[in-house]
Protein chains: 2
Amino acid sequence: MVIEIDFNSDEAIYVQLMNQIILGIATSRLQEGDTLPSVRQMADTIGINMHTVNKAYTLLKQEGFVSIDRRRGAIVAIDVDKIKTLEEMKENLVVALAKGCCKKVSRSEVHQLIDEIFDEYDL
Amino acid sequence: MVIEIDFNSDEAIYVQLMNQIILGIATSRLQEGDTLPSVRQMADTIGINMHTVNKAYTLLKQEGFVSIDRRRGAIVAIDVDKIKTLEEMKENLVVALAKGCCKKVSRSEVHQLIDEIFDEYDL
DNA sequence: CATTGTGTTACACATATACTAGCACATCTC
DNA sequence: GAGATGTGCTAGTATATGTGTAACACAATG
C-alpha cells in the first residue's frame, strides 16, 4: 500500500500516516491479518524518522486498529468496541455538523454526503 | 451565553471557545445580529488571556461566522458559502467515517447518529 | 554461537505552536 | 477628556512535533 505524506500540511506527519492506514483498512486495501512494514522500513520508504512511524503504530494499537507482534511487526487487527466507537464518532460529528448547520446545510444534504463517502469505501 | 472551558482538555482553549460559539449558533442560543462580549470582557469572564479570545474571534471571522465592527464588537453574521462548507465537511467526515467503518459501524447506524445530533440542535 | 532484524526505550536537540503578559496606538462612546 | 475597544508588537514559558543517535531484549536464521 502506497503512503503519501504532505510535508506542507498543517497536520502532523504521524496523524497523516495514521489516517492513511485507517483509510486503507476502510477501503479494503488493507485487510485483517495483513502486516505493515517495520517502523524502520516504513520510515525509509517515506523519508521520515523511525520514531514518527513508531508513534503512529503505537497510537493505532491503542485505538484498536492493529496489534503488534515482536516477531512479525504490526498486524492489522480490529478491536471492535462499538459503544466506544459511536461515542467518539459523535464527539467528532457534533462540531462538524454544527458548522454545517450554521451555514444552512440541511439534514438531507448531510445524509447525501454520508452516502457519497460510503460509496467511495465500497469500491 | 455561558462559555465553559476545560483546562485539562487536550484541545486548545481558543478551539474550545470557537466550538462553543459555533454550537451556540447551531442551537439558536446565538442568533444572527447578536453581539459577543468584547475580547477583554470575555477573557475576564473565562479567566484567560485577551489574546486567546482575540485569536478565536479572528478565526471565527475568517471562517465566516462573525463580523467584527470596532464600534459594536463581534457580531454573529453567517457568510454562507455552501460549496466550500460541503468540501470542508467532507474532508472532516472522510476520516471520521473511515474509523467507524473499520469498527463495523454500518451506514444506517451513521445515518441514525446524524439524526440524533440534528434533533439536539432543533431544540 | 553470531548475525540480523524486530519493537522498545532513553536522551539530546531544533522548531513550531499555545498561552500568557505587558505595552502602545487609533478609534469610538460617553 | 476619560474610558473602553480592537489591533499590533515584543517577549517569555510550556508543550508538541520531528529528528538523530544509541542501547536493550527478543526472535529468527545462518
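Worth saying up front: this structure is predicted, and the values here are computed from it rather than measured. Because only heavy atoms are used, hydrogens play no part in the values below, and waters and symmetry mates are left out as well, while side chains stay in. Throughout, a chain's letter reflects where its sequence line sits, starting with A, and its residues are numbered from 1.
Side-chain N/O atoms of B:Lys55 include none lying less than 4.0 angstrom from OP1 or OP2 on C:dC19. For the pair A:Asn54 and C:dT8, the criterion of a side-chain N or O lying under 4.0 Å from OP1 or OP2 is met. Residue B:Thr52 has a polar side-chain atom (N or O) positioned under 4.0 Å from OP1 or OP2 of C:dT20.
Proximity note for A:Met50 (side chain, C-beta onward) versus C:dT9, C:dC19, D:dG6: the nearest is C:dT9. Closest to the side chain of A:Asn49, out of D:dG20, C:dT20, D:dG8, is D:dG20.
For the residue pair B:Ser38 / B:Arg40, no side-chain donor-acceptor distance below 3.5 Å is found, with atom types taken as modelled.
A distance-only check finds a donor-acceptor pair linking the side chain of B:Tyr121 to the backbone of A:Val94 [under 3.5 Å]. At distances below 3.5 Å, at least one donor-acceptor pair connects side-chain atoms of B:Asp34 with backbone N or O atoms of B:Gln31.
Within 3.5 Å, no donor on the side chain of A:Arg40 pairs with an acceptor on the base of C:dG5, nor the reverse. Within 3.5 Å, a donor on the side chain of A:His51 pairs with an acceptor on the base of C:dA10, or the reverse.
Here A:Tyr14 lies in heavy-atom contact (under 4.0 Å) with sugar-phosphate atoms only.
Atom CG of A:Leu17 is separated from atom C1' of D:dT17 by 14 Å (rounded to the nearest Å). Between the P atom of C:dT15 and the CD1 atom of A:Ile13 lies a distance of 16 Å, rounded to the nearest Å.
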Let me see the working for B:Asp115 and A:Arg107 under salt bridge (Lys or Arg N to Asp or Glu O under 4.0 Å), right down to the final yes or no.
CA-CA 8 Å; B:Asp115 279 331; A:Arg107 188 185 292 229; 3.1 Å; yes

